[in-house]
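First up is the structure itself, then whatever we jot down about it.
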Amino acid sequence: MRNSAHHPRIHWLINLPAYGHAVSIENTLALPCAARRLIEVFSPDDVRSAIAWAKEADLPLLPLGGGSNVVLPPVLEAGVLKVKDASVKVLADKRDSVLLRVGAGKNWHGLVKETLQNGYFGLENLALIPGLVGAAPVQNIGAYGKEFAEFVLAVHGVDLETAASQTLTADDCEFTYRSSVFKQRLQDRFLISAVDIRLSKTAQPNIDYPVLKTRLGEGSVSAQAVFDAVVAIRRERLPDPLQYPNAGSFFKNPIVSHQQLKILQDSEADLPVYPLARGKYKVSAAWLIERAGLRGFSCKAAAVSQQHALVLVTNGRAKQSDVIELAQHICDAVYDRFAVRLEAEPRIYD
Ligand code: FAD
Ligand code: NAP
């Protein structure tokens, strides 16, 4: 992060009639959310000033990025911390690879585009994922057969309890499928300020993911062609949050045992199944929701997208409770029919 003359930019006191002095927090579900403060930080010292302020104000600090993987409440009794450092620095330039340090405030898709333009390959399957770089380690973002954990060497940040700067190795981050230590033990405890990633200077396009293979054919393709295909498929298949406010996939794909799978397959022979290690199987949450007859199902101002059964959309006037009620209905219906418990992917705040 830049150690500049910047000071944390604290967004003070917009007077919202319902909540008194507060700041409105943007999120892609377009839920109304007012926080006590929004504090934009540029450097670790800024974070330490914010910690001192929070202690004084007796409020917790909550890290947030672009608000694309959260279900926010009407009021957050907290100071929301947002990293504004969007720098990209080359730490090592080798014959075959490059090591980059990227500020947590950088737009993720912007990073994917720029690295490709510079001849640094690897991130192309992860194009068009909304949000900021600082959130990428949190749920180990993944799509089309690739995930963030394949590229990261270190995650830098500040421990919000001790105010100490820390660097975590990739192992320390405990990355798993759509999760990490930042969604578990270090949730709300560690503000990610930058990540170090290694990218290749040789393109090794990965089109194993069926929908990519169908679009691009079996022959050799460029990384740019993969990027273009991912962008095109996503634009066709996913509801645009600007038109249909949403947080992407609302549920994780459930992981089941061999025994559970057999029971499921006895009644649902066409269930899509992806074998994992150690006798576990990933099944498609979208398929379960669709088969339970819930595509398009609505609850107050929230609905299951007509376009994609895993995405819950709002009409722009929904409250958090509308989304939670709908999600609960889906979980219950899927459990009643298949005895499989769905788990929400976005963070649902109290
Ligand atoms: P936010 O939603 O603001 O925050 C998410 C979580 O990360 C919060 O718990 C927050 O506390 C934490 N966090 C954010 N920044 C920091 C920080 N600097 N330090 C510490 N903690 C932090 N996800 C995928 O994995 N794959 C996809 O293909 C995908 N597609 C999507 C498509 C759409 C249309 C949408 C709306 C979402 C999609 N998502 C996908 C989910 C989402 O885009 C990602 O999880 C993204 O990384 C969230 O980034 P954000 O900046 O918006 O984070
Ligand atoms: P899809 O191609 O319709 O596939 C449906 C599901 O099947 C996906 O969730 C995917 O799991 C799984 N799958 C398909 N082929 C697979 C394979 N060869 N090996 C293992 N798993 C396979 O998916 P989609 O909904 O259009 O999404 C496309 C990609 O973008 C997926 O990777 C998805 O995770 C990602 N995406 C994520 C979000 C989010 O918010 N998290 C939102 C939109 C899209 P995986 O999800 O594990 O890949």
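When reading the values below, keep in mind they use all heavy atoms of this one structure, side chains included, and skip hydrogens, waters and symmetry mates. Starting from 1, each residue takes its place in the sequence as its number. For ligands, and for the atoms within them, numbers begin at 1 and follow the listed sequence.
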For ligand 1, which atoms have a heavy atom of [X] less than 4.0 angstrom away?
X	result
Ala247	35 (C), 36 (C), 37 (C)
Phe190	19 (N), 20 (C)
Ala143	28 (O)
Asn246	34 (C), 36 (C)

Distance to the ring centre below 6.0 angstrom and angle to the axis at most 45 degrees; does that hold for Lys84 and Phe42?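 No, a cation-pi geometry is absent between Lys84 and Phe42.
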
Distance to the ring centre below 6.0 angstrom and angle to the axis at most 45 degrees; does that hold for Arg347 and Tyr349?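 Flagged: Arg347 positioned over aromatic ring of Tyr349.
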
Write out the residue and atom name of the closest protein heavy atom to [atom], then the distance separating them to 0.1 Å.
atom	result
atom 8 (C) of ligand 1	Tyr349 OH, 3.5 Å
atom 13 (N) of ligand 1	Val138 CG2, 3.9 Å
atom 29 (C) of ligand 1	Arg234 NH2, 3.6 Å
atom 34 (O) of ligand 2	Arg178 NH2, 2.7 Å
atom 25 (O) of ligand 2	His308 NE2, 2.6 Å
atom 4 (O) of ligand 1	Val70 CG1, 3.9 Å
atom 1 (P) of ligand 1	Gly67 N, 3.6 Å
atom 18 (N) of ligand 2	Pro210 CD, 3.5 Å
atom 47 (O) of ligand 1	Ile141 CG2, 3.3 Å
atom 38 (C) of ligand 2	Ser249 OG, 3.0 Å
atom 9 (O) of ligand 2	Asn253 ND2, 2.8 Å
atom 35 (C) of ligand 2	Ala143 CB, 3.7 Å
atom 39 (N) of ligand 1	Ile129 CG2, 4.2 Å
atom 47 (O) of ligand 2	Lys282 NZ, 2.5 Å
atom 19 (N) of ligand 1	Ile192 N, 2.8 Å

Given Leu312, which of Ile330, Val71, Ile289 fulfils the side-chain contact (heavy atoms from CB on, under 4.5 Å) condition?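 Per the side-chain contact (heavy atoms from CB on, under 4.5 Å) rule, the option paired with Leu312 is Ile330, out of Ile330, Val71, Ile289.
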
Is atom [atom1] of [X] surrounded by more than 12 heavy atoms (other residues, nucleotides or ligands) closer than 6.0 Å?
X	atom1	value
Asp58	CG	no
Arg198	CZ	no
Arg317	CZ	no
Lys319	NZ	no
Lys300	NZ	no
Tyr244	OH	no
Glu236	CD	yes

Determine, using heavy atoms of Phe250 and all atoms of ligand 2, whether some pair is separated by less than 4.0 Å.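 Flag not set, Phe250 not near ligand 2.
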
Within the structure, does [X] bring an N/O atom to less than 3.5 angstrom of an N/O atom in ligand 1?
X	answer
Gly66	yes
Ser68	yes
Leu132	yes
Asn69	yes

Go through the steps to decide whether Ile51 and Leu61 satisfy the test side chain to side chain contact (heavy atoms under 4.5 Å, CB included), and finish with yes or no. CA-CA 7 Å; Ile51 293 171; Leu61 288 172; 4.0 Å; yes

Chi angles and distances behind the side chain to side chain contact (heavy atoms under 4.5 Å, CB included) call for Val283, Phe338: CA-CA 12 Å; Val283 298; Phe338 306 108; over 6 Å; no

Which option out of [options] puts a heavy atom nearest to [atom]?
atom	options	result
atom 27 (C) of ligand 1	Gly134, Gly142, Gly248	Gly142
atom 10 (C) of ligand 1	Pro63, Ala135, Pro130	Pro63
atom 3 (O) of ligand 1	Gly131, Gly103, Gly65, Gly157	Gly65
atom 41 (N) of ligand 2	Lys213, Glu345, Arg237	Glu345
atom 8 (C) of ligand 2	Tyr209, Tyr274, Tyr144	Tyr209
atom 25 (O) of ligand 1	Gln187, Lys82, Gln139, Lys183	Gln139

Against heavy atoms of Gly248, which atoms of ligand 2 measure under 4.0 Å? 40 (O)

Worked verdict on Asn253 versus Tyr177 for side-chain hydrogen bond (donor to acceptor under 3.5 Å, both in side chains): CA-CA 10 Å; Asn253 288 321; Tyr177 178 64; 3.2 Å; yes

Parallel, tilted or perpendicular, judged at 30° and 60°: which one describes the rings of His109 and Phe227? parallel

Do the rings of Tyr281 and His258 sit parallel, tilted or perpendicular, given the 30° and 60° boundaries?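 The rings of Tyr281 and His258 sit tilted, inter-plane angle from 30° to 60°.
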
Start with the C-alpha gap between Glu26 and Lys82, add the side-chain angles, then the distance that decides, and say whether salt bridge (Lys or Arg N to Asp or Glu O under 4.0 Å) holds. CA-CA 12 Å; Glu26 62 167 347; Lys82 202 162 172 175; 2.8 Å; yes

Rounded to the nearest 0.5 Å, what separates atom CG in Leu59 from atom CZ in Arg37? 8.0 Å

Side chain or backbone of Leu238 under 4.0 Å from ligand 2, or both, or neither, by non-hydrogen atoms? side chain

Does the pair Lys106 and Asp85 meet the rule for a salt bridge (Lys or Arg N to Asp or Glu O under 4.0 Å), with working shown? CA-CA 7 Å; Lys106 175 89 183 158; Asp85 175 16; over 6 Å; no

Verify the distance criterion only: is there a donor paired with an acceptor across the side chains of Thr115 and Asn118 at less than 3.5 Å?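 Not at all, the side chains of Thr115 and Asn118 share no donor-acceptor pair under 3.5 Å.
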
Does some non-hydrogen atom of Tyr144 fall short of 4.0 Å from ligand 1? no

